[in-house]
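Heads up, the thing below is written out as structure tokens.
Quick note: numbers below take in every heavy atom, side chains included, and nothing from hydrogens, waters or symmetry partners. These figures come from a predicted structure and were not determined experimentally.
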Amino acid sequence: MLKEYRTIIEVAGPLMLVEKVEGATFDEQVEIETQTGEIRRGRVLEITEDKALVQLFESSAGINLKDSKVRFLGKALDIGLSTDMLGRVFDGIGKPKDGGPKIIPEKRVDIAGEPINPVSRDYPSEFIQTGISAIDGLNTLVRGQKLPIFSASGLPHSRLAAQIARQAKVLGGEEKFAVVFAAMGITFEEADFFIEDFKKTGAIDRAVLFINLANDPVVERIATPRMALTCAEYLAYEKDMQVLVIMTDMTNYAEALREVSAARKEVPGRRGYPGYLYTDLATLYERAGRIRGKKGSITQIPILTMPEDDKTHPIPDLTGYITEGQIILSRELHRRAIMPPVDVLPSLSRLKDKGIGRDKTREDHADTMNQLFSAYAQGKQAKELAVILGESALSDVDKLYAKFAEQFEKRYVSQGEYTNRTIEETLNLGWELLSILPKGELKRIRDEFVDKYLPDRGDE
């Protein structure tokens, strides 16, 4: 029989202080029974002598200090896991919210997870095809990588996330692929869009969705990505699946951390975020990867909206330190109706070279990628020059580069949200665009590849 305490001395926002507590442990689950008999949940955040600070998963409204009872459950917050979770929608703390039956778990696991021993990590080296040229061709996603998308308010990152979830797959072999989708602090309309899109396209069959809405408790938002990653670890390392984890929006997660930190009266760090923001984000991002001797893998795409479009804001800044690159969305491209509005020049995948080439994508991938980057940068410069000096100031070659940049954005980057390109289609489209330029300008591609792949349009 669990001991009950009627010794609540203070409730402040999402926090509750209980005194005269015996044997409570950090991260232990707590049940609060209000005077009306309603049960609310929480977890132990801090213990000082006989006082326990409890973080509430639901609202603290209506909790009467004198008449409410507190029970410490003797275990950390956990989640019941089973392959039956595929195709289901859960709330931020793992309760079904799709009207389906409760999950009968094969096992229950603490959501804090265990760090992967660096020695047992395997190096990411296999290509994941997202069907999006700006990612596959230029900023390639590799199995076991963590590659965030830096977006901003009003940009279509939700649609891009849904497209990646629908289209992503590992090439070669019949390996089982799953998507674990964690949404934090999103609106009802966004949640409805994701669920309906997954159902309509059939992607729901291989997906597990954890949805925390904007009006759900802040503390639940902190648990949501950990629920999703614990589920992903089970599918990857115990069921040998290739798992893609998409987490949106990490900014809402960091705001929730800041709110709880402020309620605890902690000394704030940069922009009011807690000083442990880097450490906290690392405990999430570092749960991606491959483990030697295990067939499965976890690849992460965290999505965050940069406040005020500021790349130096603590959330994108710290995320960039921990992860292996970033895909940056551009407001200017979005304004010009380019979908997805990926700004390829400042975007970067640090592991792209490990997942491309012969037997992975195609032998010419690395050379064409470098040439496309170079040509697009020169084309953008030529277009800026034309704005300042007029088009007549451009040389004939500069005009071709400007034309290339225009066509590159229109045909290569912009493909719409329902076009799923194979890597061959992406590479061939790159060659088609490079044929706009004189053959002598293709200095970053080996001659043998130029002879083999460049479409024959007559040499200028």
So, Tyr376 versus Glu409: side-chain donor-acceptor pair below 3.5 Å or not? yes
Would Arg336 and Ser414 count as having a side-chain donor-acceptor pair, cut-off 3.5 Å?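 On atom types as modelled, these side chains do not qualify, holding no pair under 3.5 Å.
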Heavy atoms, side chains only, cut-off 4.5 Å: are [X] and [Y] in contact?
{"X": "Ile135", "Y": "Ile164", "value": "yes"}
{"X": "Phe404", "Y": "Gln378", "value": "no"}
{"X": "Gln300", "Y": "Pro148", "value": "no"}
{"X": "Gln415", "Y": "Gln163", "value": "yes"}
{"X": "Asp98", "Y": "Leu209", "value": "no"}
{"X": "Arg41", "Y": "Ile93", "value": "yes"}
{"X": "Glu190", "Y": "Thr248", "value": "no"}
{"X": "Tyr237", "Y": "Ile298", "value": "yes"}

Give me the one residue out of Asp317, Ile322, Thr319 that meets side-chain contact (heavy atoms from CB on, under 4.5 Å) with Tyr278.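 So the option named by the test is Ile322.
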Do the side chain of [X] and the main chain of [Y] share a donor and acceptor less than 3.5 angstrom apart?
{"X": "Glu363", "Y": "Arg358", "answer": "no"}
{"X": "Gln371", "Y": "Lys443", "answer": "yes"}
{"X": "Thr422", "Y": "Glu425", "answer": "yes"}
{"X": "Arg331", "Y": "Leu155", "answer": "no"}
{"X": "Asp50", "Y": "Glu19", "answer": "no"}
{"X": "Gln55", "Y": "Arg43", "answer": "no"}
{"X": "Asp343", "Y": "Ile328", "answer": "no"}

Go through the steps to decide whether Thr201 and Arg166 satisfy the test side chain to side chain donor-acceptor pair (under 3.5 Å), and finish with yes or no. CA-CA 7 Å; Thr201 57; Arg166 271 198 312 273; 4.8 Å; no
Any residue meeting ring-ring contact (aromatic ring centres under 6.0 Å, His included) with Phe181, in chain and number order, not counting sequence neighbours: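 Phe181: ring-ring contact (aromatic ring centres under 6.0 Å, His included) contacts with Phe194, Phe198.
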Testing the basics here: between [X] and [Y], what is the closest heavy-atom pair and its distance to 0.1 Å?
{"X": "Ala152", "Y": "Asp309", "result": "CB-OD1, 3.2 Å"}
{"X": "Ile32", "Y": "Ile63", "result": "CG2-CD1, 4.4 Å"}
{"X": "Arg290", "Y": "Ser297", "result": "CG-CB, 3.5 Å"}
{"X": "Val413", "Y": "Val342", "result": "CG1-O, 3.7 Å"}
{"X": "Leu147", "Y": "Gln326", "result": "CD1-N, 3.7 Å"}
{"X": "Val260", "Y": "Pro14", "result": "CG2-CG, 4.4 Å"}

Salt bridge (charged side-chain N to carboxylate O under 4.0 Å, His left out) evaluation trace for Arg421 with Asp136: CA-CA 9 Å; Arg421 290 182 185 152; Asp136 292 350; over 6 Å; no
Roughly how far, to the nearest 0.5 Å, is the [atom2] atom of [Y] from the [atom1] atom of [X]?
{"X": "Glu238", "Y": "Asp240", "atom1": "CD", "atom2": "CG", "answer": "9.5 Å"}
{"X": "Met250", "Y": "Ser151", "atom1": "CE", "atom2": "OG", "answer": "14.5 Å"}
{"X": "Met85", "Y": "Glu106", "atom1": "CE", "atom2": "CD", "answer": "11.0 Å"}
{"X": "Ile315", "Y": "Leu281", "atom1": "CD1", "atom2": "CG", "answer": "8.0 Å"}

Could you go through the salt bridge (charged side-chain N to carboxylate O under 4.0 Å, His left out) check for Arg221 and Glu259 one step at a time? CA-CA 11 Å; Arg221 206 157 298 152; Glu259 194 171 321; 5.9 Å; no
Above 12 or not: heavy atoms from other molecules or residues under 6.0 Å from [atom1] of [X]?
{"X": "Tyr418", "atom1": "OH", "result": "yes"}
{"X": "Phe177", "atom1": "CZ", "result": "yes"}
{"X": "Arg108", "atom1": "CZ", "result": "yes"}

Assess whether a salt bridge exists between Asp310 and Arg271, defined as any Lys/Arg side-chain N lying under 4.0 Å from an Asp/Glu carboxylate O.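 Yes, Asp310 and Arg271 are salt-bridged.
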Taking only Lys NZ, Arg NE, NH1 and NH2, and the carboxylate oxygens of Asp or Glu, determine whether Glu286 and Arg121 approach each other closer than 4.0 Å. yes
Where do Phe373 and Asn139 land on the side-chain contact (heavy atoms from CB on, under 4.5 Å) test, with the steps shown first? CA-CA 10 Å; Phe373 268 122; Asn139 293 291; 4.1 Å; yes
Charged tip of Arg258 within 45° of Tyr273 ring normal and under 6.0 Å: yes
Which pairs count as side chain to side chain donor-acceptor pair (under 3.5 Å) when at least one residue sits in residues 348-357, sequence neighbours excluded?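 Every pair satisfying side chain to side chain donor-acceptor pair (under 3.5 Å) with a residue in residues 348-357: Gln145-Ser349.
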So Glu233 and Val109, side-chain contact (heavy atoms from CB on, under 4.5 Å) or not? Walk me through it. CA-CA 10 Å; Glu233 286 165 351; Val109 179; over 6 Å; no
Might you work through the salt bridge (charged side-chain N to carboxylate O under 4.0 Å, His left out) test for Asp91 and Lys97, ending with a clear yes or no? CA-CA 6 Å; Asp91 68 8; Lys97 66 178 291 171; over 6 Å; no
Salt bridge (charged side-chain N to carboxylate O under 4.0 Å, His left out) between Arg362 and Glu424, worked out: CA-CA 8 Å; Arg362 205 167 75 183; Glu424 283 79 16; over 6 Å; no
Going through the checks in order, is the side chain to side chain donor-acceptor pair (under 3.5 Å) test met by Ser133 and Arg411? CA-CA 10 Å; Ser133 294; Arg411 295 177 56 201; over 6 Å; no
Residue pair Tyr234, Thr230: steps toward the side-chain contact (heavy atoms from CB on, under 4.5 Å) verdict: CA-CA 6 Å; Tyr234 168 76; Thr230 306; over 6 Å; no
